[in-house]
Amino acid sequence: MAFLKFNKSELVNLSYSLKREIISANRTGAYCNTSIVFCNTRRYHGLLAATLDRFGGDKFLLLSALDESLIVGGKQFNLGIHCYGDVYEPRGHKYVVDFQADPVPCITYKVGEIVFRKSALLMPDDVQVLIKYELLHSPAKATVQLKPFLAFRNIHALTHQNQEADTSFCEIPNGVSFCMYRNFPTLNLQLSTGKSSFRSFPYWYNGITYSDEFRRGFDCREDLFVPGIFEFTMKEGDSVVFSASTEQVRPSGLSRRFTDTVARCPEIKAERDQLLRCAKILICNHNGREKITAGLTWMYTGLLRETLQALPGLTLYADGNTREFETILDNLIEDEQERLFRRTTQVEAPLYMPIVLQEYIDDFGADRARIWKKYGQTIKGIIESYAPGRRNEVAMQPGGLLWAQMDGVALSWMNAYLNGRPVTERAGYQVETNAFWYNALCFAIEMETEFGRADGEFIRTWTPVRDAVKKGFMEMFWNARNGCLADYVDNGGQNEDIRPNQLYALWVKHSPVPEEYYRSIIRVVDNELVTRRGIRTLSPRDVKYRGVYEGPQPERDLAYHQGCTRPFLLEPYVDICFKVKGPAFWNKAQWLTEGFYEDLGVHGVGAFSELYDGDPPHEPHGAISSALSTAALLAVDYAMNRFKEKEESI
C-alpha cells in the first residue's frame with residue numbers, strides 16, 4: 001500500500017489538488033515537478049528539466065507537459081489539463097479517480113468502463129523521464145494519443161512564440177528528436193512500442209497560465225510548442241513506456257528499465273523513510289561533483305551557507321555516510337574560496353564550518369588529528385580573514401567582536417529585500433555571527449594547541465581575542481529587561497526585536513553565554529517564537545510582524561523574516577532544550593516534529609517545506625523540498641533517539 005495517497009473527491013477539486021506538488025530529482029541535477037493532477041501551476045513545473053553546463057550550470061526546462069487522449073468507439077477523451085487565463089482546457093482532472101506518490105507518482109483515470117493508469121519515473125542517474133501507460137480495463141481497444149509541450153528555456157524564465165525556434169525534427173528509433181535552439185541538448189522522445197506513429201502537426205499553444213505565478217504577482221503566461229502527436233493502440237492489459245531523454249535510448253529496453261528501476265526504489269513504510277528519500281534527492285552529483293541543492297525546484301546548488309548548515313543532516317544524521325560528508329565539504333571549500341576567505345554577504349556563513357566539523361568529531365567519532373590536518377589551514381584562514389582590513393563587509397573591532405555593515409546590504413541569512421533595500425539589514429554586532437566567531441576561535445585554538453604548534457603565532461595572536469570576545473559578549477548582547485539576548489547592536493544601542501538568532505549563542509559547543517542565562521532565554525523563545533511548525537523569525541507582539549506569507553512579492557518579502565517560521569531552527573532549539581530541560585522535554589520534541597509528517601500531503605507531496613506562516617494554521621510555503629528543513633528534521637530525529645537511548649541505559 002502506498003504511503004501517500006489521494007482519493008477522487010480530493011483530486012477533482014482543483015482548489016485542493018493544484019496546491020499539492022510532486023517532485024522528483026536525481027543526481028545529475030535533473031528534475032520532474034508538477035501538481036498531483038499533472039497541471040503545471042508554476043514556471044518551474046515540467047516533466048523534464050536538466051542542468052546544462054553550457055549555460056553556466058543553470059537548470060533548463062525541456063519538456064513541459066505531455067497530454068494524453070483516449071479514443072474509444074470514435075469518441076475522444078482528453079486527459080490533459082492546462083490553464084488559459086481563468087479557463088481550464090482540457091479538463092482531464094474530471095476523469096481522475098486515484099493518485100499515489102510512491103514508489104513513483106501514479107495517477108489513475110476512469111472514463112466510463114475504461115481504467116487507464118499513468119506512472120512517472122525520473123531515472124536516478126540520467127537526464128531521462130519515463131512515463132508508463134497501462135490500460136487496466138477496457139471493453140475494446142483504445143487508441144492513445146500523446147501531445148508533447150516543449151519549452152527549451154531557463155526554469156526562471158518564460159518562453160513565447162518566436163521565429164528563432166527550430167521546429168524541425170529528426171526521426172529516431174520509435175520516435176523523434178528536437179533541438180529548438182542553438183547550444184541546447186537534443187530532446188529525444190521515444191516509445192517502447194514499435195507499433196506507434198508520429199504525426200507532425202506543429203502548433204504554438206499561446207497564453208498558458210501558471211496560477212501560482214499569477215497569485216504572486218509575477219509574469220505568468222507563456223507559449224509552448226507542440227510539434228505533433230504520437231499515436232498507438234492498446235488493449236486491456238497492455239502497457240507502453242514513453243521516454244524523454246537527452247540521449248537516444250534502445251526502445252525495446254524501456255519497459256524493463258522502468259520495472260527494474262521501480263523495483264529498486266526503497267519502500268516507504270514510515271516518516272523516517274520519507275526523510276531519507278528527500279535527503280538523497282537533495283544531493284546532486286553533476287559531473288561527478290557532489291553538492292547540496294538548497295531547495296527544489298528553484299533554489300540553487302552548492303550555496304555556501306545552505307550547504308554547511310544542511311550537510312551533517314543530509315549525510316551523517318541520515319545514514320552516517322562519512323565519505324559523502326567529506327566529499328561535499330571538500331568540493332564546497334574548493335568552489336567557495338572567495339566567500340570563505342575574502343568577501344560574502346552572509347558574514348556568518350564561513351564561521352559555520354567549525355560547527356560542522358565539531359558535529360563530525362563529537363557525534364560520529366571522526367579522528368581529531370586527521371580532521372585538523374586536513375581542514376586546519378582552512379579554519380585558520382577563515383578566522384584570519386575577519387581581521388581588520390581583510391574584508392570590506394565585516395571586521396573584528398578592538399574589543400574582539402565582529403561588526404558587519406555595508407550600506408543597503410543585508411549581511412546575514414535574513415536577506416529579503418523590498419524595493420532594493422533590505423527588510424532586515426541588521427548592521428552592527430550580530431548575535432549569531434559573534435557566537436559563531438567565539439566558537440570558531442575556541443575550536444581553532446583548542447585543535448591547534450593539541451595538533452599544531454602550541455607556541456606558534458596563531459595561538460599567540462588569537463588567544464587574547466578569544467578571551468576578549470568571551471568577556472565582551474554578554475556585556476554587548478544581554479538585555480536584562482527582556483531576559484534574553486539582543487538580536488544585534490548598532491550605534492543606537494541594542495536592537496530589542498525578539499528573534500531566533502540568539503538560539504545559536506546557546507547552541508554552539510563553545511557558548512559565550514553562561515548556563516545560568518539559558519532558562520531565561522529559552523523562556524522568552526518559548527513564549528514568543530515557538531510554534532508547531534518551527535520557530536518564528538519575529539515575535540507576534542512586534543509591530544513589524546507579518547503572520548501570513550501570501551500576496552504579491554512585496555507582501556511576502558515583508559513576511560519572509562518578519563514572522564514566518566523556519567523548521568531548520570528546530571535543530572538548535574531542540575538540542576538546547578534537551579540540555580536545559582532533560583527528559584521532560586522529549587514529548588514536546590515529538591510534538592514539535594510530528595506536525596511536519598502530517599503535512600506531507602499538503603504542499604510538496606512527500607517533501608518538507610522551506611517555511612510556514614507564523615499564524616495558525618501555519619500553512620506551508622516556499623521551496624517545496626528544503627535542504628535545511630529536511631536536514632534539521634533528521635538531526636532532531638537523531639538527537640531524540642540518542643537521548644532516549646541514553647535515558648533507557650541509565
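Every heavy atom of this structure was used, including side-chain atoms; hydrogens, water molecules and symmetry mates were not.
Using a 30° and 60° split on the angle between ring planes, His561 and Trp413 fall in the perpendicular class, above 60°. Between Phe184 and Phe55, the angle of the ring planes lies from 30° to 60°, which puts this pair in the tilted group.
Here the rule is side-chain contact (heavy atoms from CB on, under 4.5 Å) with Thr301, and of Arg289, Lys291, His286 only Lys291 fits it. Here the options are Glu496, Gln494, Glu528, the test is side-chain contact (heavy atoms from CB on, under 4.5 Å), and the partner is Asn482; only Glu496 passes. Under the ring pair (Phe, Tyr, Trp, His ring centres under 6.0 Å) rule, His82 has a single partner from Phe149, Tyr210, Tyr88, which is Phe149.
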Chi angles and distances behind the side chain to side chain contact (heavy atoms under 4.5 Å, CB included) call for Ile355, Trp507 = CA-CA 10 Å; Ile355 298 172; Trp507 179 61; 3.9 Å; yes
key: CA sep, side-chain torsions, deciding dist, call: Tyr573, Val525, side chain to side chain contact (heavy atoms under 4.5 Å, CB included)   = CA-CA 9 Å; Tyr573 173 76; Val525 172; 4.1 Å; yes
task = Begin with the C-alpha distance, continue with both residues' side-chain angles, and end with the deciding distance and a verdict on side chain to side chain contact (heavy atoms under 4.5 Å, CB included) for Cys284 and Ile292.
result = CA-CA 6 Å; Cys284 177; Ile292 288 174; over 6 Å; no
query = Can you list the steps and then say if Met396 with Leu401 is a side chain to side chain contact (heavy atoms under 4.5 Å, CB included)?
reply = CA-CA 6 Å; Met396 185 180 73; Leu401 295 171; over 6 Å; no
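By the 6.0 Å and 45° rule, Arg339 does not stack over the aromatic ring of Phe341. Cation-pi geometry between Arg305 and Tyr352 is not satisfied (NZ or CZ under 6.0 Å from the ring centre, within 45° of the ring normal).
Between Phe477 and Tyr517, the ring center distance fails the sub-6.0 Å criterion. His160 has its ring centre no less than 6.0 Å from the ring centre of Trp204. Aromatic ring centroids of Tyr300 and His156 lie under 6.0 Å apart.
Here the side chains of Val394 and Leu411 are not in contact, with every heavy-atom distance at 4.5 Å or above. Two residues are said to be in side-chain contact when any heavy atoms from C-beta on lie closer than 4.5 Å; Tyr417 and Asp557 fail this criterion. Looking at heavy atoms from C-beta onward, Ile36 lies out of side-chain contact with Glu21 at the 4.5 angstrom threshold. A heavy-atom distance below 4.5 Å is found between the side chains of Pro354 and Asn439.
Take Glu550 and apply the salt bridge (Lys or Arg N to Asp or Glu O under 4.0 Å) test, not counting sequence neighbours, and it matches Arg215.
Rounding to the nearest 0.5 angstrom, the gap separating the NE2 atom in His618 from the CZ atom in Arg536 is 6.0 Å.
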